[in-house]
Amino acid sequence: MRVTMILPALTEATSPLFRPIKYSLFPPLGLATLAGYLDPDDEVTLHDEHVERLDLEALDTPDLLVVQPYITSARRGYEIADHFRARGVHVAMGGLHVTSLPDEAAAHADTVFTGPGEDIWPLFLKDFRDGVPARRYDSTLRTLAGLPPVRRDLIKRHLYLVPNSIVVSRGCPHHCDFCYKDAFFEGGKSFYTQAVDDALAEIDRLPGRHLYFLDDHLLGNKRFAQALFDGMKGMGRLWQAAGTVNSVLAPDLLERAVEAGLRSLFVGFETINDANLAERRKNQNIGTDYAAAVRRLHEAGVMVNASFVFGLDQDGPDVFDRTVEWAVGQGIETATFHIMTPYPSTGLWKQLESENRIVHRDWDLYDTRHVVYEPARMTPRQLEDGYWRAYRDFYRWSNIWRGSAAQPGPHERLRHLAYAGGWKKFEPAWDLLIRSKRVVRAMPALERTLAAFGGRA
């Protein structure tokens, strides 16, 4: 059987003039994981439009096409699906957007999947080989037991800055009502992990030192996380991951992670307005001390990548400057800002739709950089302008220097400057590496910078 798998690009990323760093960070692990279930004699190719340009007419005609669109790549994903269906190819689609709007996706596919694919993809493959594939498969049995090795041989490693990405769990134990993943895992377990030994075996397969855990919340199951970190000690790895404020403050967990090689943590602070937390069910942040979490990470030698969301209902026009001022004052190395976006099927979407505040359904603009709803306490223009101003202000050289001054010593100040400045102030150099398909050559510099973390000098 001939199988083609495609991760469609965000529509704007199909432009030859648009290649931001984030589109060359991580390979398409979801598709590579599904490829692991195929038979050894199946012919399979995997394409990621974020790092390679596809001429659909020039591609071979497979027996099966698998497309995994995100919301902002839905239009492109449907174009690809329609093209191959016109050639008589059976098209299967799944992922976040398909799960949220399966009927929309079904107009462009022969088969759609909702929820995680590990339990339903093997069933579909059997049905497809038997000539009786169903129109829809809904995931209910949630387990990672017996997960085959990810088909990393299909990944074009040289096109990614972080080819050694890995996922050892699914979902999140928390239920923030603006989170796309919460809707994705409805109808079954919303958080579950691999067996520790299986996760360690997958880590062992990866070359080099650096890893990036793409799990929504690697620290979400304390017992699993502790066992994983104990197993990773002595591997000599340097790695990055995502966690929550309360997991950072939990006793003993962060220390084990650092001993295992943690050097950078993505933390969802989301808002400095306490009134927003309960309203959006961000319960894990209620009553936590954000500043204490940052101090704890810095004292352990861990860089902080902070996430903030603007435009929640309790936010006014002052939220942008206050958030930047707080983040810079804490010495946070990097920050990611987002405009609150009501993804279909989430609790936030249902609320705003019931209040008639959704202004359109142009999925291309549901990218957390555009306002697609009516804000409560500011105008859409104030929200978009404030979002862009926050990025400019946080990454001004003056604020990068001021943030470095909040670090406890000269060693920490230097690494702050290296990472914060290198990430945002040298985008032309990153762009050149991406276009030349040599971005992986920046990996040694990334490893050296991360190696500078891990405890105070």
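Between Leu265 and Val248, the closest side-chain pair of non-hydrogen atoms falls below 4.5 Å. For the pair Gln351 and Asp313, the minimum side-chain heavy-atom distance is below 4.5 Å. Contact annotation: the side chain of Phe308 never approaches that of Thr271 to less than 4.5 Å [non-hydrogen atoms, C-beta and beyond]. Thr244 places none of its side-chain heavy atoms less than 4.5 Å from the side chain of Phe269. Val302 has its side chain within reach of Val258: a pair of non-hydrogen atoms, C-beta onward, lies under 4.5 Å apart. Residues Cys179 and Thr346 form no side-chain contact, since every pair of their non-hydrogen atoms from C-beta on lies 4.5 Å or further apart. Residues His90 and Phe84 fail the side-chain proximity criterion, which asks for heavy atoms closer than 4.5 Å. Using a 4.5 Å heavy-atom threshold, the side chains of Pro342 and Ile358 count as touching.
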Could you go through the side-chain hydrogen bond (donor to acceptor under 3.5 Å, both in side chains) check for His97 and Glu104 one step at a time? CA-CA 9 Å; His97 188 66; Glu104 177 188 287; 2.8 Å; yes
For ring-ring contact (aromatic ring centres under 6.0 Å, His included), just list the numbers for Phe229 and Trp239, CA-CA rounded to whole Å, side-chain angles, deciding distance to a tenth of an Å, and then say yes or no. CA-CA 11 Å; Phe229 302 154; Trp239 51 273; 5.4 Å; yes
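Under the 6.0 Å cut-off for aromatic ring centres, Phe178 and Tyr343 do not qualify, their centroids lying 6.0 Å or more apart. Taking the ring centroids of Phe310 and Phe320, they lie under the 6.0 Å cut-off.
Note that OH of Tyr180 is 3.5 Å distant from OG of Ser100, once rounded to the nearest 0.5 Å. With values rounded to the nearest 0.5 angstrom, Asn164 atom CG is found 13.5 Å from Tyr212 atom OH. To the nearest 0.5 Å, atoms CG (Leu218) and SG (Cys172) are separated by 11.5 Å. Taken to the nearest 0.5 Å, the CD atom of Glu270 stands 7.5 Å off from the OH atom of Tyr290.
Residues that satisfy the side chain to side chain donor-acceptor pair (under 3.5 Å) test with His158, not counting sequence neighbours, are absent from this structure. Under the side chain to side chain donor-acceptor pair (under 3.5 Å) criterion, Arg381 pairs with Asp385, sequence neighbours left out.
When atom types are taken as modelled, the side chain of Asp119 and the backbone of Arg142 share no donor-acceptor pair closer than 3.5 angstrom. Looking only at distances, no side-chain donor or acceptor of Gln284 sits under 3.5 Å from a matching main-chain atom of Val245.
For Lys181 and Phe184, the positive end is not near the middle of the six-membered ring at less than 6.0 Å and at most 45° from its axis.
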